[in-house]
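Below is one structure, written out as structure tokens; comments come after it.
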Amino acid sequence: MDKNTIIGWVLIGLIFIGWMTMTNKQAQKEQQAQQKAQKEQVEAEKAHAAAVAVRDSMSADELALLKQNIEQFGGDSAKIAAGSNSVSLAQGQLEGTLNVDGQAVDVAQLLAGKVASTQVNNDALKALRDLSDTYGKNGPLASKLKGTNQIVKLKNDSLEIEISSKGGMITRATLLGWPSANLDEHHKLNTEQKHLKPVELFSPGENSYSFVLNTNERRYDTKDFYFTPRQLNDTTVEMDLNMPGNAMFGIRYTLAKGGNYMVRMELVQRNMEAIVPTNVSDMDFNWHQKMGRHEEGKMFEERNSTIYYQYAESDGGGDVKYLPETSAKEEDMQDRLKWISTKGQFFSAVLIADNSFVGARLKSVPTEQGTPEYQRFLKNLSISSSLDYKSTVSRPASFFFYFGPNRYRILSHYKDMMAKYSNASKNEAAYNNLELTRLIPLGWTLFRWINTYIVIPVFNWLGTFIHSYGIIILILTILIKLVLSPLTYKSYKSQAVMRILAPDIQAINEKYPGQDNAMKRQQKTMALYNQAGANPMGGCLPMLLQFPILVAVFAFFPSCIELRGQSFLWAHDLSAPDAIVSWSGQIPFITNYFGNHISLFCLLMTATNIIYTYLTMQSQAQSSSMPGMKWMMYLMPVFFLVFFNNYAAGLSYYYFVSLLITIIQTYAIRAMIKEDKVRAQMAANAKKPKKKSGFMARLEEAQRQQQAALREQQKKNGKKRR
């Protein structure tokens with residue numbers, strides 16, 4: 001291996017390590033920002049605790065307003081209620097129960113000032129005020145604040161959803177055929193049971209969304225009301241909110257049959273101008289989610305979970321952006337958005353508007369360590385936006401809700417899925433260029449292109465007739481190596497020739513020593529290269545050309561959902577680390593990069609890399625003396641061990657197999673290139689007429705000018721000494 005080849009390998013390694021280090025440093029900075037935000041939140045909570053130390057009480061005006069709201073909106077039972085809170089009026093006296101952090105507080109005792117805890121007293125009074133305000137602000141719809149929650153289920157081969165009459169929203173979305181791999185304390189699942197519990201993208205109490213209708217005096221939030229379910233057919237249900245004046249506001253859901261992950265959601269209404277003035281041009285939309293865990297390893301899943309969104313074509317050109325994955329972030333924007341998604345490592349919920357969202361406030365906050373929710377949830381996500389609205393239009397807004405896997409072959413055919421939900425051809429153009437495949441992180445533009453047009457098609461094609469993904473990765477590695485074999489052959493041939501020429505180059509260096517002979521030494525060396533047909537950069541450039549493939553697969557395997565849950569040899573899940581040793585506790589710095597385990601495929605990859613480095617360094621041990629460079633060559637596999645230990649087993653397995661093939665190729669090409677043949681070629685080239693290439697002529701001219709400048713400098717230095 002010649003000097004330039006070694007430099008090439010070091011350059012590739014340093015670029016790769018630098019890229020990963022930069023990514024991890026950015027994650028570390030974001031984590032520090034998150035810790036700072038959490039510290040500020042703790043300080044704010046302390047300040048709030050100090051503020052509530054003053055015991056609160058309800059004024060006479062507030063009590064009068066509460067009684068008025070009960071009399072006006074409480075109906076025959078003279079009672080208002082919301083959730084587990086309820087207050088009634090009997091013979092002028094207020095009675096009922098309020099729930100404060102799981103503790104029942106008697107209203108009569110509260111108003112009499114007999115609640116011992118100041119904070120419980122103040123929190124209960126706030127709940128009582130909120131209950132009164134809720135009924136007061138909802139006026140003619142106050143009767144819809146009470147009711148019985150009814151659940152309607154829709155199911156096809158891939159997706160099951162539960163729609164609640166409270167809020168008219170989807171409260172549970174279950175992906176059939178995708179088992180959850182999360183084995184935390186909350187789920188208490190063993191190896192057999194985990195295959196029985198499918199992934200839930202929405203779970204009751206952890207997800208909510210609502211539409212807010214604005215009038216001149218009030219804001220009606222759909223999550224507060226009890227809707228009336230109306231089953232239109234076996235695939236469609238409509239949640240209706242009937243109002244005074246024969247007005248109605250409803251949310252219609254349609255789930256197509258077959259293996260489909262799309263839900264059509266349409267807002268329908270009639271006579272709403274009796275409730276919402278015709279001069280109102282928008283309504284609000286709010287979406288909150290506690291993103292639950294679905295994978296075995298929390299750290300990597302958390303790093304790949306956040307809010308994604310796409311700008312509308314008119315405003316942002318359809319670009320897809322996202323909030324940082326590893327830190328708390330809040331972002332306000334005035335641009336129109338086409339879709340918004342709560343995106344996980346392998347599964348996402350995406351809300352796609354027929355028209356667009358008007359601006360948005362997006363917020364992502366990682367679950368705080370040390371809290372009871374830390375092992376159950378990844379992030380707290382909040383989305384607030386607006387939609388164009390007219391009370392005179394029968395269908396003011398329509399959407400598609402995607403609940404499904406981040407699988408390229410599914411997301412790339414979103415228009416086909418949407419066609420099953422709507423026969424309205426006028427909407428077809430609205431779903432062009434959605435770029436839903438951007439939910440899959442396949443790397444920067446060049447690397448994404450390689451994955452999209454080369455790696456993924458070949459991977460999917462192999463999957464049509466091979467069921468073991470370990471074998472698929474093996475064959476994919478071989479195919480990639482075959483495609484790159486011309487470059488590899490050129491690189492290794494150059495290395496072999498340079499190794500043969502090493503004694504000749506050493507002889508030239510000994511014959512023309514010192515700085516004065518630098519030009520002559522360089523000329524003789526280049527002439528030797530020309531005779532042998534060698535290129536000093538021949539070992540470096542081909543490897544640099546292979547670098548995009550190296551990075552592309554680095555992005556592909558951790559994002560490949562096809563590997564999820566697929567076992568091979570000792571690895572029970574190729575999309576997760578194949579840990580053979582694990583431990584609890586945090587090791588400063590080490591845990592952030594290495595994790596709390598040791599992965600066997602990563603160890604094998606590292607060992608193979610060290611062996612390959614040893615063999616290649618042995619081959620050039622007598623041709624050059626670069627101890628610093630050799631030390632760096634041996635250090636790189638150790639860096640790779642640290643960085644790759646926490647990545648998918650499929651990625652480490654790919655690099656392990658690739659290195660084994662590389663070692664075989666090295667010995668095969670070395671066996672093909674014999675020293676006597678190279679010497680014979682050199683002798684034949686020496687007899688041919690010498691014709692310098694343009695590059696060689698320019699190189700010699702540059703060397704000649706450099707040597708002349710050096711001689712001139714030496715003359716000046718000699719005159720100064722005299």
Side-chain angles (χ1 to χ4, degrees), residues 144 147-176 198 200-213 221-242 248-270 272 283 285-289 339-342 347-355 357 383 385 387 389 393-404 414 417-424 427 430-431:
K144 299 297 180 181
T148 302
N149 190 20
Q150 302 178 56
I151 301 297
V152 179
K153 295 183 180 181
L154 296 176
K155 182 180 179 181
N156 63 18
D157 295 340
S158 299
L159 178 65
E160 180 178 7
I161 60 173
E162 294 182 5
I163 308 167
S164 171
S165 64
K166 175 64 185 299
M169 70 182 81
I170 298 173
T171 54
R172 192 190 303 273
T174 304
L175 305 185
L176 307 177
E200 285 187 4
L201 285 185
F202 275 17
S203 297
E206 299 171 7
N207 304 269
S208 68
Y209 60 89
S210 63
F211 302 93
V212 182
L213 301 172
D221 194 330
T222 57
K223 68 178 175 57
D224 295 329
F225 302 112
Y226 285 87
F227 287 67
T228 301
R230 189 158 60 94
Q231 190 94 25
L232 302 183
N233 52 53
D234 59 345
T235 62
T236 304
V237 64
E238 185 172 301
M239 293 290 178
D240 293 340
L241 186 63
N242 296 306
M248 186 276 293
F249 181 86
I251 309 175
R252 181 179 299 167
Y253 297 94
T254 302
L255 177 64
K257 296 180 179 180
N260 209 306
Y261 296 98
M262 285 285 187
V263 178
R264 180 68 168 166
M265 182 171 69
E266 301 170 284
L267 303 186
V268 294
Q269 61 183 16
R270 68 169 183 269
M272 280 299 292
M283 66 177 171
F285 171 74
N286 298 312
W287 181 5
H288 304 282
Q289 181 180 23
W339 55 258
I340 304 173
S341 169
T342 56
F347 306 97
S348 296
V350 189
L351 185 60
I352 309 164
D354 277 11
N355 296 318
F357 298 93
I383 299 167
S385 184
L387 299 161
Y389 174 79
V393 177
S394 61
R395 295 189 181 185
S398 300
F399 311 85
F400 282 103
F401 234 138
Y402 175 80
F403 300 101
Y414 54 84
M417 293 186 290
M418 291 177 178
K420 297 181 180 180
Y421 289 79
S422 175
N423 56 8
N427 290 330
Y431 302 117

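By convention here, the first residue in the shown sequence is residue 1. A quick note: this is a predicted structure, and the numbers were derived from the prediction, not measured.
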Kindly indicate whether the side chain of [X], heavy atoms from C-beta on, has any atom under 4.5 Å from the side chain of [Y].
{"X": "R252", "Y": "L232", "answer": "yes"}
{"X": "R172", "Y": "I151", "answer": "no"}
{"X": "I352", "Y": "Y414", "answer": "no"}
{"X": "L154", "Y": "Q231", "answer": "yes"}
{"X": "V263", "Y": "F400", "answer": "no"}

Taking [Y]'s backbone N and O only, do any of them form a donor-acceptor pair with [X]'s side chain (distance below 3.5 Å, no angle check)?
{"X": "S164", "Y": "K166", "result": "yes"}
{"X": "Y209", "Y": "I170", "result": "yes"}
{"X": "N233", "Y": "T236", "result": "yes"}
{"X": "E266", "Y": "T254", "result": "no"}

For [X] against [Y], the heavy-atom pair lying closest together:
{"X": "Y226", "Y": "N149", "answer": "CE2-N, 3.7 Å"}
{"X": "Q289", "Y": "T342", "answer": "OE1-OG1, 2.7 Å"}
{"X": "N207", "Y": "M169", "answer": "O-SD, 4.3 Å"}
{"X": "A349", "Y": "W287", "answer": "O-CH2, 3.7 Å"}
{"X": "P198", "Y": "L175", "answer": "CB-O, 3.3 Å"}
{"X": "M239", "Y": "I163", "answer": "CE-CG2, 3.5 Å"}

Run the ring-ring contact (aromatic ring centres under 6.0 Å, His included) test on F399 and F401 for me, step by step, so that the C-alpha distance in whole Å, both residues' side-chain angles and the decisive distance to 0.1 Å come before the verdict.
CA-CA 6 Å; F399 311 85; F401 234 138; 8.1 Å; no
Within this structure, what is the [atom1]-[atom2] distance for the pair [X] and [Y], rounded to the nearest 0.5 Å?
{"X": "L255", "Y": "N156", "atom1": "CG", "atom2": "CG", "result": "4.0 Å"}
{"X": "H288", "Y": "I383", "atom1": "NE2", "atom2": "CD1", "result": "9.5 Å"}
{"X": "S165", "Y": "R230", "atom1": "OG", "atom2": "CZ", "result": "15.0 Å"}
{"X": "D240", "Y": "T228", "atom1": "CG", "atom2": "OG1", "result": "6.5 Å"}
{"X": "L159", "Y": "L176", "atom1": "CG", "atom2": "CG", "result": "7.0 Å"}
{"X": "L213", "Y": "Q269", "atom1": "CG", "atom2": "CD", "result": "7.5 Å"}

With F211, which of F225, Y389, F285 fulfils ring pair (Phe, Tyr, Trp, His ring centres under 6.0 Å)?
F285
Quick one: does NZ or CZ of R264 land under 6.0 Å from the six-membered ring centre of Y253, within 45 degrees of the ring axis?
no
Using the rule given for ring-ring contact (aromatic ring centres under 6.0 Å, His included), can you reason through F403 versus F202, listing the C-alpha separation, both sets of side-chain angles and the distance that settles it, and then say yes or no?
CA-CA 9 Å; F403 300 101; F202 275 17; 5.1 Å; yes
